[in-house]
**Q** 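Here it is: the structure, laid out below.
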Amino acid sequence: MNFDRDYAMLIGGRLEHGSARFNVLNPATENVIGSAPNATRNDLDRAIDAAREAFPGWAATPIAARKAALVAMGQALMAHADGLKRLLTAEQGKPHADAGMEVMGAGYWLMGAAHLDLPVTVNEDSAERYSETRHVPLGVVGTIPPWNFPLLLAMFKVGPALLAGNTMVLKPSPFTPLSTLKFGELVKDILPPGVLNIISGGDALGPWMTSHKGFDKISFTGSTATGRRVMESAAPTLKRVTLELGGNDAAIVMPDVDVENVVEELFWAAFRNNGQICVATKRMYVHEDIYEPLKDALVAYAKTVKVGDGSEQGTQIGPINNEAQYARVVDLIQDAKDKGYTFLLGGDAVDVPGYFVPITIIDNPPEDSRIVQEEQFGPVLPLIRFDDYDDVVARANATEYGLGGSVWGKDEDKALRIAERIASGTIWVNETQHLSPAAAFGGMKQSGVGVEGGLEGLLEYTNAQTIVRKKQPA
């Protein structure tokens with residue numbers, strides 16, 4: 001397979017290049033690296049029709065066969081990890097090592113989802129009747145993953161949706177469509193035609209999908225603002241929705257940590273994938289007893305990290321993925337400069353091609369500052385002092401978001417007691433960003449609706465159906 005050209009949609013088991021195309025840029029160079037099909041309304045209709053036609057047969061397929069298909073798709077991803085990672089770096093910007101981990105993680109997620117089972121609950125088994133509740137597929141699912149982890153986060157949806165017996169239309173981000181289109185080419189002969197359809201397009205395609213009467217569910221990952229629009233668009237037809245949205249994750253660092261040993265993990269909690277992770281540490285609250293040494297250690301470590309083109313050897317952090325997100329991060333930095341906050345590192349623009357922002361660390365900005373209250377989704381971290389646990393928990397929770405968070409300390413029992421008070425869907429103790437296809441992942445408050453992963457995530461793609469049978473007299 002050639003990963004450098006021939007990017008096509010997958011509709012009804014056939015590869016289609018479309019009647020129009022749009023260019024895809026490398027964010028490290030701003031050069032065009034390829035073009036993707038720009039789907040029309042008719043393309044969308046045909047993809048939905050293909051999924052609808054395939055649904056009865058796929059829903060009736062034994063779950064063991066559906067599991068085998070997921071495993072085969074995961075193996076196909078892993079077998080082509082080298083070509084996919086290079087393409088992923090070219091369109092997303094992340095270093096080759098990180099792109100390789102994403103491809104392998106996507107394969108692992110599909111194979112992990114194949115270990116899940118749909119439960120059957122016996123409600124009554126008496127002399128009079130037998131009652132059980134089982135879980136049946138919804139129908140056709142529309143899936144819209146984001147640009148920060150385009151393959152991995154797509155598989156968060158593909159795995160459970162197909163395992164549950166649904167069929168699907170998948171739309172990758174217009175910033176990162178190419179690796180997902182190649183995934184479609186890889187797996188087109190693994191699944192029956194129409195079970196998985198992949199179409200690409202610009203900004204109009206998403207709203208066409210969320211308002212389309214042909215979908216029974218929309219699964220979306222992206223910003224909270226866009227998530228509100230998705231829910232509004234889906235409401236007229238009462239589509240089911242799963243929305244994995246924004247976060248403003250707080251890390252709370254207790255005074256008993258070993259600064260030297262924890263600094264590297266704390267740095268990457270905030271700056272992995274250039275901070276473009278929904279569960280990246282966006283605010284770091286550091287106890288005043290260790291604030292100065294940890295501050296110095298973070299800055300010193302940050303100076304050793306290589307920022308550059310992800311295709312170059314040794315690069316650890318690539319560019320911001322797209323111009324709009326780059327402008328947002330630059331605006332937040334400028335606001336912090338205008339307010340007179342102290343920059344420990346970074347803050348200055350770099351005059352090079354690509355959407356590069358230097359690693360930026362800000363010293364104890366006010367709690368009501370934009371850089372503390374807003375999700376930056378880039379390589380900018382505010383460090384904030386605290387001296388009282390009740391106060392820092394209240395500050396961590398004083399946000400419309402509730403996706404993730406972390407607590408760091410040698411006293412694990414005390415750290416756990418603090419973690420249990422954080423109003424977020426996932427809290428890590430002495431690590432961060434570990435997710436599993438066996439565990440539920442979702443947000444509280446305006447960080448989302450529903451969950452992904454685990455049995456709970458699988459059931460999001462089903463209807464509960466109770467069958468009651470009155471027993472006949474012997």
Side-chain angles (χ1 to χ4, degrees), residues 58 61-81 84-85 88 98-119 135 137-138 141 143-146 148-168 170 172 179-180 183 186-187 190-191 195-196 217 219-222 240 242-245 247 272-273 277-280 403-404 424-428 431-443 447-462:
W58 184 246
T61 299
I63 192 169
R66 300 200 298 257
K67 289 182 176 185
L70 293 188
V71 171
M73 290 193 294
Q75 291 172 337
L77 278 168
M78 292 177 172
H80 292 85
L84 282 169
K85 82 174 182 183
L88 184 55
D98 290 352
M101 286 190 289
E102 178 175 347
V103 175
M104 296 301 287
Y108 162 77
W109 203 273
L110 287 175
M111 298 170 77
H115 289 288
L116 299 171
D117 281 296
L118 291 168
H135 298 270
L138 296 170
V141 175
T143 299
I144 307 175
N148 57 332
F149 287 88
L151 277 177
L152 178 60
L153 295 184
M155 298 312 113
F156 276 32
K157 306 170 188 303
V158 170
L162 298 190
L163 177 61
N166 301 282
T167 54
M168 175 176 282
L170 166 61
S179 53
T180 306
F183 165 72
L186 280 175
V187 304
I190 294 174
L191 297 165
V195 170
L196 175 64
K217 178 184 175 73
S219 181
F220 168 81
T221 299
R240 304 291 183 87
T242 295
L243 306 175
E244 197 273 281
L245 306 178
R272 187 175 289 113
N273 201 41
I277 304 178
C278 56
V279 289
L403 190 57
S424 293
T426 304
I427 304 293
W428 292 274
E431 69 170 346
T432 190
Q433 300 172 21
H434 173 76
L435 301 175
S436 166
F441 170 66
S447 282
V449 175
V451 298
E452 296 188 305
L455 176 60
E456 296 86 351
L458 175 61
L459 295 184
E460 294 254 333
Y461 291 95
T462 68

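The first residue of the sequence shown is numbered 1, and numbering continues consecutively from there. Just so you know, these numbers come straight off a predicted model, no measurement behind them.
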**Q** Taking the side chain as everything from C-beta on, heavy atoms only, tell me whether L118 gets closer than 4.5 Å to L458.
**A**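 They are in side-chain contact.
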**Q** How many angstroms lie between CG in L191 and CE in M168, if you round to the nearest 0.5 Å?
**A**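 Output value for this atom pair is 10.5 Å.
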**Q** What pair of heavy atoms forms the shortest contact from M78 to G107, and how long is it?
**A**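 Smallest interatomic distance, heavy atoms only, reads CE-C, 3.6 Å.
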**Q** Are H80 and V103 close enough, and set up right, to give a side-chain contact (heavy atoms from CB on, under 4.5 Å), and what steps lead you there?
**A** CA-CA 9 Å; H80 292 85; V103 175; over 6 Å; no
**Q** Would you check if L170 and P145 make a side-chain contact, meaning some heavy-atom pair closer than 4.5 Å?
**A**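 L170 reaches P145 side chain to side chain.
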**Q** Could you state the interatomic distance from OG (S179) to CG (L152), rounded to the nearest 0.5 Å?
**A**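 The OG atom of S179 sits 11.0 Å away from the CG atom of L152.
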**Q** Check whether any side-chain heavy atom of W109 sits under 4.5 Å from a side-chain heavy atom of L435, and report yes or no.
**A**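 Heavy-atom side-chain distance check passes, below 4.5 Å.
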**Q** Should F183 and M155 be marked as a side-chain contact (heavy atoms from CB on, under 4.5 Å) after you check the CA-CA gap, both sets of side-chain angles, and the distance that decides it?
**A** CA-CA 11 Å; F183 165 72; M155 298 312 113; 3.6 Å; yes
**Q** For the residue pair E102 and P150, establish whether any side-chain heavy-atom pair is separated by less than 4.5 Å.
**A**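 E102 reaches P150 side chain to side chain.
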**Q** Residues two or more places apart in sequence or in another chain: which of them pass side chain to side chain contact (heavy atoms under 4.5 Å, CB included) with A99?
**A**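 Checked A99 against side chain to side chain contact (heavy atoms under 4.5 Å, CB included); matches are K85, L88, T89, K94.
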**Q** Do Y461 and T242 have side-chain N/O donor and acceptor atoms under 3.5 Å apart?
**A**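 No.
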**Q** What residue among T462, V141, T143, V195 forms side chain to side chain contact (heavy atoms under 4.5 Å, CB included) with N166?
**A**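 Running side chain to side chain contact (heavy atoms under 4.5 Å, CB included) over T462, V141, T143, V195 with N166 returns exactly one hit, V141.
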**Q** Rounded to the nearest 0.5 Å, what's the gap from CD1 on I63 to OG1 on T61? Could you check?
**A**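 That separation rounds to 11.0 Å.
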**Q** Could you check if a side-chain atom of N273 sits within less than 4.5 angstrom of a side-chain atom of N148, using non-hydrogen atoms only?
**A**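 Yes. Closest side-chain heavy atoms under 4.5 Å.
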**Q** Are V279 and F441 side-chain neighbours, meaning at least one heavy-atom pair lies under 4.5 Å?
**A**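 The answer is yes; the side chains approach within 4.5 Å.
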**Q** Could you grab the distance from atom CG of L245 to atom OG1 of T221, nearest 0.5 Å is fine?
**A**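 Here the rounded value is 8.0 Å.
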**Q** Got E460 and K217 here, is their nearest side-chain heavy-atom distance under 4.5 Å?
**A**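 Result yes, sub-4.5 Å side-chain heavy-atom pair found.
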**Q** Is there side-chain contact between V71 and L110, with at least one heavy-atom pair below 4.5 Å?
**A**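 They are not in side-chain contact.
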**Q** Looking only at heavy atoms, what is the nearest atom pair of G159 and L70, with distance?
**A**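 Shortest heavy-atom separation between G159 and L70 comes out as O-CD1, 3.5 Å.
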**Q** Output the distance between atom CH2 (W58) and atom CZ (R66), rounded to the nearest 0.5 Å.
**A**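 Output value for this atom pair is 7.0 Å.
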**Q** When you check the gap from the basic side-chain N to the acidic O, do E452 and K157 get nearer than 4.0 Å?
**A**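 Salt bridge present between E452 and K157.
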**Q** Give me the atom names and distance for the closest heavy-atom approach of S424 to G404.
**A**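 For S424 and G404, the tightest heavy-atom pair comes out as OG-O, 3.3 Å.
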**Q** Write down the atom of P119, the atom of L459, and the distance for their closest heavy-atom approach.
**A**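 That closest heavy-atom pairing would be CD-CD2, 3.9 Å.
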**Q** For a quick test of reading the model, state the closest non-hydrogen atom pair linking M104 to A81 and the distance between them.
**A**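 Nearest heavy atoms, M104 then A81: SD-CB, 3.8 Å.
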**Q** To check you understand the geometry: which heavy-atom pair defines the closest contact between A76 and L186, and what is its length?
**A**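 Looks like O-CD1, 4.0 Å.
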